[in-house]
2 protein chains.
Amino acid sequence: MTDLSKIKDSLLKTHPFAEEQLDQFTGRLIFQRFNKREFLLKSGQISKGITFILSGSLRLYNKTGDKELTLNFFTENTWLADLESLLTQQSSTNYIEAFEDTSAATIMLKDLHWLMDNYPDFRMLNKLLTGLHISTMHLASIKTKNPDERYHELLTTHPDWLNRFPQNQIASYLGMAPETLSRVRARLS
Amino acid sequence: MTDLSKIKDSLLKTHPFAEEQLDQFTGRLIFQRFNKREFLLKSGQISKGITFILSGSLRLYNKTGDKELTLNFFTENTWLADLESLLTQQSSTNYIEAFEDTSAATIMLKDLHWLMDNYPDFRMLNKLLTGLHISTMHLASIKTKNPDERYHELLTTHPDWLNRFPQNQIASYLGMAPETLSRVRARLS
DNA sequence: TGATTTTCTTGATCGTGGTCAATTGTTAAT
DNA sequence: ATTAACAATTGACCACGATCAAGAAAATCA
């Protein structure tokens, strides 16, 4: 499956776009590679577009002092942005960092606007953004569930993350100390 | 200040719309009143539009068993929606309930689309939605700060909420037991 | 107005999960 | 291959905040 068809597939899942529309979209994409540890976005910068991950993975986190708080992980065939910064066009407080060598394609906000102007169907791209919100589910989970329950939830929603990302980052995402995650896992064997 | 000018004001904060555009927008609004305890949205329903609160206040929460978890409060002169449900057009898992007698104006999603088709400027309304996201700040706060810190944060971000909404609901929003919030407050006098 | 329900406060208890520390395991670099 | 840096595990400790319970205060309703 080619890079372009991956992206077209993803678009078609949100709306039955015509071939011409898909080509208008993909023709505006900017392809980039990020080495592991390289940044797609740093705190202080303004998010300029929406990025599709062709291969690899990235991590969204913020920093207070030298403590990192992992907010989300993104893996291949998903869309990615710092939504708050993108929509407000104000500088982000977050970092988006390649966890592995990553290949990606970005559509700039201005091109998105051009597409919406000329092809009203592209309004539906708002749906792309849905996955980028911090879901109420995740927040509810953090507020009400204990570490065991949160781990089991992740086991069902993103089992792949667990043997892909380091445990201390997973723990941070789950809102618990790394030692606690380690013990939760030990309890299950 | 009239209801219409409140809404126009709010729109002008996101984008310099022309008077004609503002009128096109306000002409499509649906005005509604909600009595205290009445629901704007119930779990299982699909969010059909974005609502501006003219007066009163509402609470967004979800329910597991008979336990309510407060996700957000909304007060006059702000926009409101269940964003996940609105964008995906799938049934919501949340409730939006009037906390006080509330007067509001709703723009339906289909009208929003019509406006975007005919006036590209209305694309910028995405900005309206920004305030509706669960902010990464709130999530970070819940994950990393203790009850005292979270209370102080709310004191600076939404001091008005504290003498407007019941403490047990505030406590739920802050992710702590009502007794804990009571003690946090006692400690400050 | 008084009666009933709900919310808030305060106390006492207890368990969970964070922190600190030491050890082992893994990864990365030269 | 060796070292260094980092990640994961395990144990010991204890503080924070949840829970339970009872009484006071406030809000709601007839």
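Chain letters run A, B, ... following the sequence lines, proteins first and then strands; every chain starts at 1. As a basis for the values below, the full set of heavy atoms in this structure was taken, side chains included, without hydrogen atoms, waters or symmetry mates.
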Task: Interatomic distance, Leu181(B) CG vs dT7(C) P [rounded to whole Å] - done: 14 Å
- [ ] Please report, rounded to the nearest Å, how far the P atom of dA26(D) is from the CG atom of Asn168(B).
- [x] 16 Å
Task: Centroid separation Tyr61(A) to Tyr173(A) less than 6.0 Å - done: no
Task: Length of the line joining Asn35(A):CG and dA28(C):P, which is rounded to integer Å - done: 14 Å
- [ ] Would you mind classifying the nucleic acid contact of Pro147(B) as base, sugar-phosphate or nothing, using non-hydrogen atoms under 4.0 angstrom?
- [x] sugar-phosphate
- [ ] Using whole Å, report how far CZ of Arg37(A) lies from C1' of dA29(C).
- [x] 15 Å
- [ ] Name the closest nucleotide to the Ala186(A) side chain, picking from dG18(C), dT10(C), dT10(D).
- [x] dT10(D)
Open item on the list: Does dT9(D) have OP1 or OP2 under 4.0 Å away from a side-chain N or O of Ser182(A)?
Closed with: yes
Open item on the list: Quick check: closest heavy atoms across Ile30(A) and Met108(A), and the distance to 0.1 Å?
Closed with: CD1-CE, 3.5 Å
- [ ] For ring pair (Phe, Tyr, Trp, His ring centres under 6.0 Å), just list the numbers for Phe99(B) and Phe74(B), CA-CA rounded to whole Å, side-chain angles, deciding distance to a tenth of an Å, and then say yes or no.
- [x] CA-CA 9 Å; Phe99(B) 172 71; Phe74(B) 299 94; over 10 Å; no
Open item on the list: Donor-acceptor pair, distance only, cut-off 3.5 Å: does the side chain of Gln21(A) make one with the backbone of Ala18(A)?
Closed with: yes
Open item on the list: Base of dG11(D), side chain of Arg183(A) - is there a donor-acceptor contact under 3.5 Å?
Closed with: yes
Open item on the list: If you assign each of Phe165(A) and Gly175(B) to its closest nucleotide in DNA chain D, which residue comes earlier from the 5' end?
Closed with: Phe165(A)
Open item on the list: Quick check on Arg37(A): does its CZ atom have over 12 non-hydrogen neighbours (other residues, nucleotides or ligands) under 6.0 Å away?
Closed with: no
Open item on the list: Distance check needed: dG17(C) C1' versus Arg185(A) CZ, whole Å only.
Closed with: 18 Å
Task: Phosphate contact (dG17(D) OP1 or OP2) by Thr180(B) side-chain N/O below 4.0 Å - done: no
Open item on the list: Expressed as a whole number of angstroms, how long is the span from Glu179(B):CD to dG11(C):C1'?
Closed with: 11 Å
Task: Length of the line joining Met176(A):CE and dG15(C):C1', which is rounded to integer Å - done: 17 Å
Open item on the list: From CD of Gln167(B) over to P of dA26(D), roughly how many Å is that when rounded to an integer?
Closed with: 12 Å
TODO: Tell me which nucleotide among dG17(C), dC8(C), dA28(C) gets nearest to the side chain of Asn146(A).
DONE: dG17(C)
